[in-house]
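Below is one structure, written out as structure tokens; the observations come after it.
Model, not experiment: these values are computed from the prediction.
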Amino acid sequence: MNAPATFFLPNRYSSTEPGTSLIPEQDPYADIRVGNLMMPGAHSQDLMLLMMERYLRADAAFSTWSEDAKRCINFVEGKQWSAEEIQLAEEEGRPWLTLNKIAPLVRLVLGYHRQNRLDNRYLPTDDAASTAAIADILTKIVKQISINNKEHYVDTEVFLDGLLGGRGYYDWRLDFERNDFGEIKGIAKDPFTIRPDPDGDTYDPKGWGYVFEGRWWNLDEIEFTFGRRVSQLISPLVVSGGYRGGVPSDILDFVEERTPWRTFGGQQVGSFSSGFGSIESYIASSVDPYRKNIRVVDCQHYLRVMQRSIVDLETGDREPIPDRFSRAQIEKMMQWCAMDYAARGVAFPLRVEWRPTKRVRWTTMIGDIVVYDQWSPYESFTIVPFFPWFRRGKTRGMVDDLIDPQREVNKRRSSQIDILTRIAHSGWTWEKNSLDEEEKIKIEEHGGAAGLNIEYKGPNAPKRIEPGQMPTGIERLEQAATLDLKEIAGINDSALGQVDRVQSGRAIEARQKQSVLGLEMYMDNAKRTKNLCGDKKIEMIQNHYTEPRLFKIEGHGGLWNTLGINARQATGEILNNVTVGRYALTVDETPLSATFMATQFEELVNMIETGIVALPMVQDIAIDLSTLPQKELIKQRQNAYLRAQGLVTADDLVAMEAAGIQVDPSQIQQPPEQGASGGGKGAPGAAGASEGGQRGPTKAPQAAKAGPGGASAGP
């Protein structure tokens with residue numbers, strides 16, 4: 001093998017090699033001062049104005065949603081009184097209690113979501129290129145991607161964002177941190193940085209026209225990513241003597257606490273342009289002169305273009321051809337395909353035609369300069385939304401309707417304490433000239449204290465004014481508000497783990513399931529979002545996992561196996577080619593029940609006892625459904641024990657049947673007779689529990705020693 005001429009590739013990110021000295025220029029802005037610095041090639045005035053107008057409209061719609069979302073998040077996190085209300089209460093000496101009864105309801109819904117396992121599974125379609133084997137491989141790869149991304153934690157983060165504010169977002173794109181070919185990476189995005197198309201009215205982002213994402217960068221990050229020329233063009237906006245057109249809106253947001261940490265809004269499209277349609281307001285909201293930062297805005301937007309595509313005249317399937325393919329490359333590819341079809345004796349149905357195609361354009365703006373404008377490497381937006389409540393672009397969380405009852409609870413409890421405090425200091429009466437000035441001051445300052453000693457003159461002692469009774473209506477109002485919270489949320493005390501009445505365990509379970517029904521809309525939309533994530537993953541796998549790759553996949557029995565994809569054989573065929581074929585996605589769901597595994601175990605045991613299912617065929621499943629530790633070790637020893645006796649396991653039996661191998665009945669473990677090894681209830685011999693009353697895998701090996709006739713040979 002010939003060694004390469006050099007092992008060092010050129011530095012694509014900087015003109016200066018590491019370790020070399022860089023002499024700073026005397027005037028880094030000399031090019032700007034003499035007018036020699038040109039705009040980036042991606043910049044054009046028309047594109048800049050279009051992006052700016054879209055951003056301003058999206059930001060106006062976003063502001064409508066963000067105010068309500070911020071209030072909902074504050075209520076869940078305990079900030080339930082405004083600064084004005086707190087100041088007024090302090091001035092008047094009134095208490096302002098916060099009894100956060102929304103947080104337990106939110107935690108309960110999060111708990112249900114955590115138990116509601118959602119896994120993507122791919123199935124072959126009517127596409128001739130899709131197969132069940134590749135569908136199974138895709139399912140395993142996606143499972144491994146989920147494990148690498150710790151997706152169950154990301155799911156919880158996105159679900160919480162949506163539950164509180166009405167919007168949560170995933171972001172799926174390639175990550176090149178550890179692999180130059182790229183690995184699929186999914187993270188949760190802050191919903192207060194995402195601005196969807198205000199004219200969009202579909203759950204699926206494919207129905208949106210565009211989506212914006214904003215983030216704050218300093219000049220060093222801008223220079224590293226987009227080059228020094230862009231950094232020099234942007235720097236006058238943030239350096240001393242730069243832009244003075246106004247204070248950035250995000251600084252005002254921080255001071256006024258408009259966002260928690262730092263609508264689609266199609267309902268008021270007609271009023272969005274009022275007050276927002278100026279370049280100055282856009283630049284003012286994009287510059288932070290105090291931290292020397294500037295907003296970088298990414299816009300992913302769809303464009304309709306004519307693109308060369310390969311069309312199958314028999315099936316009608318169409319696949320776009322990448323722009324980087326030259327005409328010579330396309331002709332060579334088509335000739336190879338024609339030879340392949342000819343070798344199989346099949347007519348060649350493929351043609352190259354120009355067809356309208358919907359593509360994603362990626363545009364990046366910094367201030368009023370377009371620094372990047374290219375076709376996106378992805379077929380669809382990287383953003384995948386989650387909306388707990390969605391109707392034609394209107395999004396809401398579960399907290400919106402709980403704010404007024406929560407405020408009522410806080411006010412009524414604070415009023416009760418205020419009244420009780422004032423009653424304790426109801427005042428005193430005494431006869432004229434019966435108290436010295438010192439005693440009067442003592443009563444005024446310590447009249448409500450215990451053990452107060454008073455010296456008085458005359459026959460009549462000072463008396464405390466009897467306080468009036470606290471109105472019972474205030475307490476009833478608080479109780480009503482507490483009940484309103486649970487009614488509006490659709491959650492009862494049984495779901496919260498509090499027995500609201502004396503009832504049986506079955507009745508409590510029924511009431512818990514009734515609460516779960518009220519949450520099905522949230523869970524259904526979470527399932528819908530997972531479906532969109534699954535579509536995004538398979539899109540990225542088929543478009544970007546095109547080279548041979550190896551994966552470590554957890555197989556059956558907890559064993560890890562190596563799985564290779566896109567491996568080219570000596571014959572020219574590609575083994576496990578995941579880049580072709582269309583596959584359907586289904587989302588497997590586990591019902592919302594804390595004792596679901598235990599319930600399944602009991603149902604399986606009942607089916608075994610009644611003879612519906614043979615115990616030897618479901619022993620491994622029964623072990624999986626149990627709460628025993630080291631399940632895999634138990635199953636491995638169980639299978640080894642059976643094979644040592646010349647018997648086949650359930651997995652072996654399924655594999656032999658699939659391979660068409662005839663199975664000897666004497667090799668099949670026979671189920672125990674009822675009464676001989678813990679048969680069903682009421683079966684003969686069931687009373688002799690000491691002899692055969694045990695059931696389950698511990699008794700199976702003895703029952704397995706059966707003759708060809710099926711009679712039990714066990715003791």
Side-chain angles (χ1 to χ4, degrees), residues 12-15 28-33 35-60 62 171 173 189-190 192-196 210-254 259 262 276-301 360-377 381-383:
R12 296 177 296 167
Y13 304 102
S14 173
S15 58
Y29 309 110
D31 291 338
I32 300 178
R33 301 183 196 284
N36 292 334
L37 196 60
M38 299 179 62
M39 283 289 189
H43 180 83
S44 70
Q45 185 174 2
D46 292 341
L47 180 60
M48 180 268 292
L49 292 175
L50 175 63
M51 291 295 104
M52 195 175 296
E53 188 271 340
R54 284 181 172 179
Y55 181 86
L56 291 173
R57 293 186 69 251
D59 185 64
F62 166 83
D171 185 86
R173 62 180 71 183
K189 282 290 184 180
D190 181 3
F192 288 87
T193 64
I194 306 297
R195 290 161 173 81
Y210 53 87
V211 60
F212 283 95
E213 179 187 359
R215 57 193 184 277
W216 291 97
W217 278 11
N218 56 38
L219 291 177
D220 293 335
E221 293 172 309
I222 293 174
E223 180 174 345
F224 178 82
T225 305
F226 299 104
R228 189 173 186 183
R229 180 173 60 173
V230 172
S231 175
Q232 289 178 336
L233 285 169
I234 298 299
S235 57
L237 295 175
V238 294
V239 296
S240 178
Y243 180 74
R244 301 290 182 179
V247 180
S249 64
D250 281 49
I251 301 299
L252 295 176
D253 294 344
F254 177 77
T259 55
R262 63 107 199 123
F276 293 94
S278 67
I279 297 178
E280 182 181 4
S281 65
Y282 172 80
I283 299 177
S285 64
S286 300
V287 178
D288 179 2
Y290 302 98
R291 295 179 295 177
K292 307 300 183 184
N293 286 350
I294 191 165
R295 192 203 304 271
V296 179
V297 177
D298 285 327
C299 178
Q300 302 177 54
H301 51 110
V360 178
R361 192 78 174 178
W362 197 302
T363 305
T364 303
M365 288 186 62
I366 304 179
D368 58 345
I369 300 176
V370 178
V371 297
Y372 181 84
D373 182 48
Q374 296 290 336
W375 293 114
S376 171
F381 295 157
T382 61
I383 299 296

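Qualifying side-chain contact (heavy atoms from CB on, under 4.5 Å) partners for Gln45, counting only residues two or more places apart in sequence or in other chains: Met48, Leu49. Partners of Ser376 according to the side-chain contact (heavy atoms from CB on, under 4.5 Å) rule, which considers only residues two or more places apart in sequence or in another chain, are Val360, Trp362, Tyr378. With sequence neighbours left out, the side-chain hydrogen bond (donor to acceptor under 3.5 Å, both in side chains) criterion links Glu213 to Lys189. By the side-chain contact (heavy atoms from CB on, under 4.5 Å) test, Glu221 is found to be paired with Trp217, Asn218, residues two or more places apart in sequence or in another chain being considered. Take Leu47 and apply the side-chain contact (heavy atoms from CB on, under 4.5 Å) test, not counting sequence neighbours, and it matches Ser44, Met51, Thr363, Val370, Asp373. Considering only residues two or more places apart in sequence or on other chains, Phe381 meets the ring pair (Phe, Tyr, Trp, His ring centres under 6.0 Å) condition with Tyr302.
Put simply, the side chain of Gln300 gets close to the backbone of Thr382: a donor and an acceptor are under 3.5 Å apart. Of the possible donor and acceptor atoms, none in the side chain of Thr225 sits under 3.5 Å from a partner among the backbone N and O of Ile222.
Here CZ of Phe212 is found 3.5 Å from SG of Cys299. Values are rounded to the nearest 0.5 Å.
Inter-residue side-chain proximity for Gln232 and Glu223 is flagged as unmet; no heavy-atom pair is nearer than 4.5 Å. With contacts defined as side-chain heavy-atom distances shorter than 4.5 Å, the pair Asp171/Arg173 qualifies. The side-chain heavy atoms of Met365 and Val296, taken from C-beta on, include no pair separated by under 4.5 Å. Within the 4.5 Å cutoff, the side chain of Ile234 has heavy atoms near those of the Leu219 side chain. Contact of the Ile194 side chain with the Ile383 side chain is registered, since non-hydrogen atoms from C-beta on lie closer than 4.5 Å.
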query: Between Ile366 and Ile294, is a side-chain contact (heavy atoms from CB on, under 4.5 Å) present by the stated rule, with each step listed?
result: CA-CA 7 Å; Ile366 304 179; Ile294 191 165; 3.7 Å; yes
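What you find for Pro196 and Val211 is that their closest heavy atoms are CA-CG2, 4.1 Å.
Contact check on Asp59 versus Arg57 returns no salt bridge, with no Lys/Arg side-chain nitrogen under 4.0 Å from an Asp/Glu carboxylate oxygen.
A cation-pi geometry, defined here as NZ or CZ lying under 6.0 Å from the six-membered ring centre and within 45° of its normal, holds between Arg195 and Phe62.
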